[in-house]
Amino acid sequence: MHPRERFMAALRGDAVDRPPVWLMRQAGRYLPGYRQLRAEHSFWDVCQNAELSTRAALEPLDKFKLDAAIVFSDILVVPLALGLGVSFGPGEGPRIAKPLRTGADLDAWNVDGAVSRIDYLPRAISHLKLTLKERYGILGFAGAPFTLFAYCVEGGGSDDFREARTLMHRDPALARRALNTIADVVADLLLAEIQAGADAVQLFDSWGGLLAPDEYRDFALPALQRITAKIGKQVPTLLFVRGGHHLMPLLGESGVTGFSLDWRTEWEVARKMYPDHLLQGNVDPILLLGNAESVRKRTRELLETMKRTSEGRHCILNLGHGILPGTPPENVAALCDTAAEFS
Ligand code: 1CP
């Protein structure tokens with residue numbers, strides 16, 4: 001099968017010669033071409049220029065046997081378009097100039113026309129599609145509402161996002177209003193990405209796992225449902241909740257087509273819970289910092305599990321979180337080659 005054919009078959013749940021593979025953060029600082037690109041251009045310039053974004057997205061496809069490309073962009077395009085001021089210091093995480101703390105802060109968000117201020121993202125997808133033609137699958141993405149809310153309130157990265165979680169309990173009405181506002185922008189952004197040619201879209205809830213099940217149900221889930229209701233069945237929707245094992249029984253209510261599992265979730269447990277959903281994952285990215293032999297072994301085991309539990313259907317091979325900076329590219333090749341040789 002050709003990469004795109006394999007990827008599309010997996011999305012539909014049709015028979016495949018073997019599960020397709022793409023990797024979260026497959027473009028990025030572990031690749032020399034990306035580091036060179038970033039030496040010449042700012043991060044936002046790469047995201048906002050379709051030609052540069054496509055160059056970043058293509059590098060992993062040229063180097064590894066992958067089946068799909070993910071548009072090069074970032075989840076923080078949404079707070080940027082809402083006027084919160086998002087910057088990346090050298091070697092640091094993001095900084096948000098105007099964090100959300102009060103109702104007045106939320107009232108000041110520049111909601112009108114927010115999606116049109118992110119038009120560079122669907123344009124990057126169109127350009128990527130024009131370049132790839134029908135050779136590879138194309139993924140669009142956005143941040144899940146809770147994770148975006150967490151960054152907007154906290155003002156940057158954090159281990160526990162305590163400001164964001166405190167606000168949820170101090171002023172739940174404000175938190176819900178913010179989550180709904182974010183959800184509506186995310187839904188319209190994803191619709192624009194689909195229109196531009198995304199074959200599937202992934203919602204990154206990188207911090208959703210911080211929440212207890214009742215908090216996730218009260219705050220995160222309704223915002224996700226707002227998005228899936230708008231997108232309907234136009235393309236498959238994937239949800240990644242890092243550290244979300246304890247939330248798995250709830251996640252089916254989000255209305256997504258499939259789940260991207262982190263490395264702590266047992267594949268067979270998720271498959272039993274969701275026999276007909278698309279499942280994606282879940283090699284530990286830390287393994288890729290080690291040696292190629294352990295990567296090959298783990299990849300083969302996981303592919304065997306996929307074969308045994310669902311004949312490899314409804315399965316996409318991926319990592320349990322993004323590739324870490326400093327990952328040796330040969331370990332990424334070991335994973336992709338193992339998949340390519342599997343039958
Ligand atoms: O060049 C640089 O120094 C910037 C590093 C970088 C890169 C390569 C950032 C800043 N974003 C990205 C690209 C990116 N981000 C992609 C593109 C696809 C690809 O690399 O193949 C995607 C899908 C994301 C998504 C993203 N951004 C997430 C969700 C996934 C995850 O890793 O959990 C999150 C949480 C972000 C926020 C963000 N953007 C950048 C950084 C360093 C961070 C993390 C900040 C933190 O919380 O510390």
Side-chain angles (χ1 to χ4, degrees), residues 21-48 52-64 66 68-80 84 86-96 121 124-125 128 136-161 163-164 186 189-190 193 198 200-210 238-244 260-263 280-281 285 318-327 332:
V21 49
W22 72 275
L23 303 171
M24 288 193 264
R25 301 277 193 124
Q26 64 192 28
R29 276 170 292 177
Y30 77 104
L31 287 175
Y34 178 77
R35 290 196 299 270
Q36 181 62 36
L37 191 64
R38 283 282 286 105
E40 292 161 15
H41 305 275
S42 75
F43 180 67
W44 285 134
D45 280 348
V46 180
C47 293
Q48 294 174 353
L52 298 180
S53 167
T54 296
R55 217 193 295 170
L58 292 185
E59 188 182 9
L61 301 185
D62 290 341
K63 290 206 160 69
F64 312 115
L66 295 159
I70 179 161
V71 62
F72 189 86
S73 186
D74 198 79
I75 65 168
L76 298 174
V77 297
V78 167
L80 182 68
L84 277 69
V86 185
S87 56
F88 294 95
E92 297 168 25
R95 284 272 128 243
I96 289 180
L121 175 42
I125 292 180
L128 184 60
Y136 293 94
I138 294 179
L139 284 132
F141 73 94
F146 173 73
T147 287
L148 290 176
F149 168 81
Y151 281 107
C152 290
V153 177
E154 208 73 22
S158 163
D159 292 336
D160 57 9
F161 285 88
E163 290 287 344
V186 166
L189 175 62
L190 291 176
E193 294 181 36
V201 291
Q202 176 152 318
L203 284 156
F204 284 94
D205 210 352
S206 304
W207 298 103
L210 290 173
L238 282 154
L239 173 63
F240 169 64
V241 184
R242 186 161 66 102
S260 197
L261 307 176
D262 100 348
W263 66 97
Q280 172 178 280
N318 204 313
L319 300 180
H321 192 208
I323 298 184
L324 294 159
T327 296
V332 178

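Both counts, for ligands and for their atoms, begin at 1 and track the order of listing. The residues of the chain are indexed from 1 along the displayed sequence.
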Heavy-atom contacts under 4.0 Å between Arg242 and ligand 1: side chain, backbone, both, or neither? neither
Ser206-ligand 1 polar pair, N/O distance under 3.5 Å: yes
Need the ligand 1 atom indices (1-based, order shown) with element for anything under 4.0 Å from a heavy-atom of Tyr34. 1 (O), 2 (C), 4 (C), 8 (C)
Tell me if a side-chain donor or acceptor on Arg242 pairs with a main-chain N or O of Gly208 at a distance below 3.5 Å. no
Starting from atom 7 (C) of ligand 1, what is the nearest protein heavy atom, named by residue and atom, and what distance separates them? Phe43 CE1, 3.6 Å
Decide whether an N or O pair under 3.5 Å exists between Ala27 and ligand 1. yes
Best match, Ser73, Ala39, Gly28, Ala56: closest heavy atom to atom 13 (C) of ligand 1: Ser73
Tell me which protein heavy atom sits closest to atom 22 (C) of ligand 1, plus the residue, atom name and distance to 0.1 Å. Phe141 CZ, 3.6 Å
Is ligand 1 under 4.0 Å from a heavy atom in the side chain of His321, in the backbone, in both, or in neither? side chain
Salt bridge (Lys or Arg N to Asp or Glu O under 4.0 Å) partners of Glu59, counting only residues at least two apart: Lys63
Rounded distance [0.5 Å steps], CG in Leu238 versus CG in Asn318: 9.0 Å
What protein heavy atom sits nearest atom 25 (C) of ligand 1, and how far off is it? Ile75 CG2, 3.7 Å
Look only at the side chain of Asp262 and the backbone of Gly320, and say whether a donor-acceptor pair between them is shorter than 3.5 Å. no
Protein residue, atom and distance nearest to atom 27 (N) of ligand 1, heavy-atom basis: Asp74 OD1, 2.9 Å
Reported CH2-to-OG distance for the pair Trp22 and Ser260, which is rounded to 0.5 angstrom: 6.0 Å
Closest non-hydrogen protein atom to atom 10 (C) of ligand 1, residue and atom name please, with distance? Phe88 CE2, 3.3 Å
min-distance protein heavy atom vs atom 45 (C) of ligand 1 -> Pro94 CD, 3.2 Å
I need the atoms of ligand 1 closer than 4.0 Å to a non-hydrogen atom of Gly157, numbered in the order shown. 47 (O)
Check: Ser158 main-chain N/O paired with Trp207 side-chain donor or acceptor under 3.5 Å: no
Between Thr327 (side chain only) and Tyr30 (backbone N and O only), is there a donor and an acceptor less than 3.5 Å apart? no
Run the side chain to side chain contact (heavy atoms under 4.5 Å, CB included) check on Leu319 and Trp263 step by step: do they pass? CA-CA 7 Å; Leu319 300 180; Trp263 66 97; over 6 Å; no
To which of Tyr151, Phe240, Tyr30 does the heavy atom nearest atom 35 (C) of ligand 1 belong? Tyr151
Atom 36 (C) of ligand 1: which of Arg29, Arg25, Met24 has the nearest heavy atom? Arg25
Taking atom 2 (C) of ligand 1 as the point of reference, which of Gln202, Glu154, Glu59, Arg38 owns the nearest heavy atom? Arg38
If only atom types and distance count, is the side chain of Glu163 paired as donor or acceptor with the main-chain N or O of Val153 below 3.5 Å? no
Under 3.5 Å: donor-acceptor pair, side chain of Gln26, backbone of Ala68: yes
